[in-house]
**Q** 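What follows is a structure written as structure tokens; I'll ask about it next.
Letters A, B, ... mirror the listed sequences (proteins, then strands); counts begin at 1. Excluded from the calculations below are hydrogen atoms, water molecules and symmetry mates; all remaining heavy atoms, backbone and side chain alike, are included.
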Amino acid sequence: MAGLIFFLIATFFAFGEEVLRIGAAVSFSGKYAKEGELLKRGYELWKETVNSRGGIKVGNKRYKVEIIYYDDQSDPKTTAKLVEKLITQDKVKFLLGPYGSAQVFAAAGVVEKYNALMVQGGGASSKIYSQGYKRIFGVFNTAPDYGRNLIDLAVKLDPKIRTVAILYEKDIFSEDAARGALNRAREKGLKVVLFEGYPKGAQDLSSLMLKVRLKRPDVVIGAGHFKDSVLVVKQLKQFKINPKFVGLTVGPPLPAFVKALGKDAEYIFGPVQWSKAFRYKDPLFGSTQGYVKAYRKKYGEDPEYHSAGGTAAAMALQLAIERAQSLDPERVREELLKMEVETFYGVIGFDETGKINTKPMAVIQIQKGRPVTVYPFEEAKPVYPKPPWN
Amino acid sequence: MELILQLLIEGLLLGGFYSFMALGFALSWGVMGIINLSYGTFIVIGAYLAYTLHRLSGVDPILSIPFSFLAGVVFGYLVQTVFIRRIMTFESFMVLILTFGLDIALSHGLNLIFKADIRSIDVPYAESSFFVGPVIITAVKLLVFVISLVLTGLVWFFVNRTWTGMAIRAVALDKEGATLVGVSPSYVYTVTMALSTGIAFSSGNLYGVLQGFTPFDGGLLTVKAFLVSILGGLGRVESALIGGIFLGLSETFVGFYVGEDWKVFFALILMIAILLVKPRGLMGGKFYGEA
């Protein structure tokens, strides 16, 4: 009798504690620590919400989600090592992506080699999708869209712009974004007066700034990551360069951007993968507003696109697993390819390379210390031309 | 023409910093005959000291220069007595390996404490600038330039006008001779290393004001200190000044006309060219002692 009870309890616990481990190597230190932390928040919010509803449903079993995190220190080589560790030692079959195109790129090779499956909301370089990889899915619009969107907005504004200067950090994401801007500017008949890269991690752009000053462009586009965006603004001000339009690929939507720059952040434009001004329905959070509310409750601030991308990636994985009714990466992959589902993040659906192809991108502007969406949904009118630095 | 003037000024201002920054490196090389590969990381330590003081108690990094200097003197004394003194009488190669190891240990130590994030010391005057005619001058660079010159002047005074300074020059020129007249080389080496490290730490404050930094900036800084020493020659305090300004100008002009990526490349080419033509550097004179 006692044996039977013990057996029942044991099976009950074994049943109740069914856990699905998912791996993620994300930057918690180094250059991308800030973005990495935001990405993790997105994952965590998804995890808690799913677990509070009993977990992921696979057939008639329910799996609680557990995410194993490692810190890749913003170094792609480390990312690759950690992803290998996740797959071979921690026996993880499903992965959520790291932050940064180079990191995603490094992780992708390893995931592919071991036939695991990764959905990522942290890398936006188009190179990720040109390798013929079959097991990498991404919920971000690719890097060229970042530059393209800024130019699209700039040409719509009055007074008309004529000249553009594009500065970019030499890494795959930023270079792609810069090229997107370059090509769109040329298509629109604008004169690109400067298109120049600077080495990764550069902390002094004086010579570049002197060049920009000399060319007096109407538009300055800076393609780089968070630290670069702060640096570019500081140095534009330092060199008293006053273009009509300043657009930066990554910094502006982050609260830390305004915190770091204060008043100087005003009226700077930035593209976003996602904005809380979106209006969509969602299977897990109810709607975009529902997601925003849940995020605010947990973290005390509004979500921006890094976190939303993380949540969206995790959610795409969850929905695909549930539809496949299986934990076989191959079956889940097939479901991801078929998917076209409306979520708080936009409609999620992928092309055959794994790239999202069903969702728009927006542009925000900092107004009174807050990022507001000005394009294509208008939360507020864009302020243009940008007043000079004071 | 305005552009050339602008670039000249940029280069000059940057060069002032390089001069002072490299002074300690040139000093320990010229006097002790050692190449200190951890020198760049010493500078970075200074930057983190200034950063920490600024964060904790709001001390302006310029005002904390004396503190950094003292910390550097103590640190240099320890490095000399604990490590370098024990092996510098053997092959000079050993010191190279020792300082290389020290560099790795120190930069990773910094990484453990401060993480790999880029830090910057946000002083209120960071973004201010003004025009002099058509030329724009950033306040921070001018400030760093002036302070570098003043500090370089102080080092010049110490080396040329004080008894200890003269002892340093004497040992650099002729160790046996100096010993005969009652100068202790061991004492001089300790003073030199302490002074050299003090210079490194205090130039770290200036570096931190000029730009953001990470624990792993040391390597490039060592290369630049090396370049300045070679360009100017190890002869005198003034040679570092010449070498520094030369490097500043070359970086600015190459950065502008060729591209940011090529700055160090061109500086190294320049160094090779100078070594071929004038092996003792632009200023000549191999030792601190030579007049």
Side-chain angles (χ1 to χ4, degrees), chain A residues 27-37 71-75 78 167-170 194-215 224-241 256 259-264 389-390, chain B residues 2-11 13-14 17 47 108 111-120 122 124-131 134-141 207-208 210-217 220 248 250-265:
Chain A
S27 312
F28 300 126
S29 61
K31 199 170 152 63
Y32 302 145
K34 184 83 219 160
E35 291 95 333
E37 187 55 41
D71 175 12
D72 70 15
Q73 302 180 351
S74 307
D75 171 28
T78 311
L167 321 174
Y168 62 94
E169 185 198 11
K170 287 193 173 166
L194 186 70
F195 181 75
E196 196 169 313
Y198 54 88
K200 239 181 129 150
Q203 281 300 307
D204 180 18
L205 305 175
S206 300
S207 337
L208 210 51
M209 287 300 157
L210 285 176
K211 246 180 261 192
V212 177
R213 228 173 83 76
L214 215 67
K215 307 276 187 188
H225 286 89
F226 176 72
K227 292 282 179 184
D228 303 81
S229 65
V230 174
L231 181 69
V232 164
V233 173
K234 279 187 176 174
Q235 297 216 317
L236 281 175
K237 184 184 179 193
Q238 200 176 46
F239 282 87
K240 299 196 192 302
I241 302 167
K259 218 179 278 170
L261 291 167
K263 266 196 154 32
D264 297 334
W389 313 104
N390 43 17
Chain B
E2 284 167 19
L3 179 62
I4 300 287
L5 195 65
Q6 174 80 61
L7 291 177
L8 277 174
I9 292 199
E10 279 285 316
L13 295 185
L14 189 61
F17 166 69
H108 283 263
N111 192 30
L112 279 179
I113 303 169
F114 293 98
K115 302 279 184 281
D117 301 318
I118 299 172
R119 306 282 172 172
S120 54
D122 294 315
Y125 43 87
E127 282 107 40
S128 49
S129 57
F130 53 91
F131 285 96
V135 176
I136 188 164
I137 293 176
T138 48
V140 166
K141 282 184 188 161
Y207 182 64
L210 273 182
Q211 62 168 75
F213 47 90
T214 74
F216 300 107
D217 285 5
L220 193 59
S250 124
E251 280 201 351
T252 308
F253 277 85
V254 171
F256 188 87
Y257 286 107
V258 190
E260 295 278 333
D261 278 349
W262 296 91
K263 290 199 294 204
V264 179
F265 176 79

**Q** Rounded to the nearest 0.5 Å, what's the gap from CG on A:Leu210 to CG on B:Leu3? Could you check?
**A** 7.5 Å
**Q** Heavy-atom cut-off 4.5 Å, strictly under: side chain, backbone, both or neither for B:Ala139 against chain A?
**A**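 Neither the backbone nor the side chain of B:Ala139 comes within 4.5 Å of chain A.
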**Q** Does any backbone or side-chain atom of B:Phe253 lie under 4.5 Å from a heavy atom of chain A? Answer side chain, backbone, both or neither.
**A** neither
**Q** Which bit of A:Lys34 is near chain B, if near means a heavy-atom gap under 4.5 Å: side chain, backbone, both or neither?
**A**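 Contact with chain B: none, neither part.
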**Q** Counting only heavy atoms closer than 4.5 Å, note whether B:Leu210 contacts chain A via side chain, backbone, both or neither.
**A**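 For B:Leu210, there is no contact with chain A at all, as no heavy atom is under 4.5 Å.
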**Q** With rounding to the nearest 0.5 Å, note down the distance linking CD in B:Gln211 to CD in A:Gln235.
**A**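 Between B:Gln211 CD and A:Gln235 CD, I get 9.0 Å after rounding to 0.5 Å.
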**Q** At a 4.5 Å cut-off on heavy atoms, which part of A:Leu231 comes close to chain B: side chain, backbone, both, or neither?
**A**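 Answer is neither: A:Leu231 stays 4.5 Å or more from chain B.
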**Q** Return the CG to CD1 distance between A:Asp228 and B:Ile118, rounded to the nearest 0.5 Å.
**A**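 Rounded to the nearest 0.5 Å, the CG-CD1 separation comes to 7.5 Å.
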**Q** Where on A:Lys227 is there a heavy atom nearer than 4.5 Å to chain B: the side chain, the backbone, both, or neither?
**A** side chain
**Q** When rounded to the nearest 0.5 angstrom, what distance separates OG1 in B:Thr138 from NZ in A:Lys234?
**A** 13.5 Å
**Q** Taking atom types as modelled, is there a side-chain donor on A:Ser207 or B:Lys263 under 3.5 Å from an acceptor on the other?
**A**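 No.
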**Q** Is a side-chain donor or acceptor of A:Lys211 paired with a backbone partner of B:Phe256 at a separation under 3.5 angstrom?
**A** yes
**Q** Relative to chain B, which segment of A:Asp75 carries a heavy atom at a distance below 4.5 Å: side chain, backbone, both, or neither?
**A**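 Contact with chain B involves no heavy atom of A:Asp75 at all.
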**Q** Could you give the distance from CD (B:Gln6) to CZ (A:Phe239), rounded to the nearest 0.5 Å?
**A**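 Reported value, rounded in 0.5 Å steps: 7.0 Å.
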**Q** Count the heavy atoms belonging to other residues, nucleotides or ligands that lie under 6.0 Å from CH2 of B:Trp262, then report whether that count exceeds 12.
**A** no
**Q** Quick check on A:Lys240: does its NZ atom have over 12 non-hydrogen neighbours (other residues, nucleotides or ligands) under 6.0 Å away?
**A**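 Yes, enclosed.
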**Q** Looking at every non-hydrogen atom in both residues, tell me the closest pair between B:Gly259 and A:Glu196 and how far apart they are.
**A**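 It is CA-OE2, 4.0 Å.
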**Q** Is it the side chain or the backbone of B:Asp217 that comes within 4.5 Å of chain A heavy atoms, both, or neither?
**A** neither
**Q** Show the nearest heavy-atom pair for residues A:Arg213 and B:Pro134, with the distance to one decimal.
**A**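 Looking at all heavy atoms of both residues, the closest pair is NH2-O, 3.9 Å.
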**Q** Could you tell me the separation between the OG atom of A:Ser74 and the NZ atom of B:Lys115, rounded to the nearest 0.5 Å?
**A**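 Answer rounded to 0.5 Å: 12.0 Å.
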**Q** Could you tell me whether the side chain of A:Gln238 and the main chain of B:Ala126 form a donor-acceptor pair under 3.5 Å?
**A**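 Flag set: sc A:Gln238 to bb B:Ala126 pair under 3.5 Å.
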**Q** Does the pair B:Lys141 and A:Asp204 meet the rule for a side chain to side chain contact (heavy atoms under 4.5 Å, CB included), with working shown?
**A** CA-CA 11 Å; B:Lys141 282 184 188 161; A:Asp204 180 18; 4.2 Å; yes
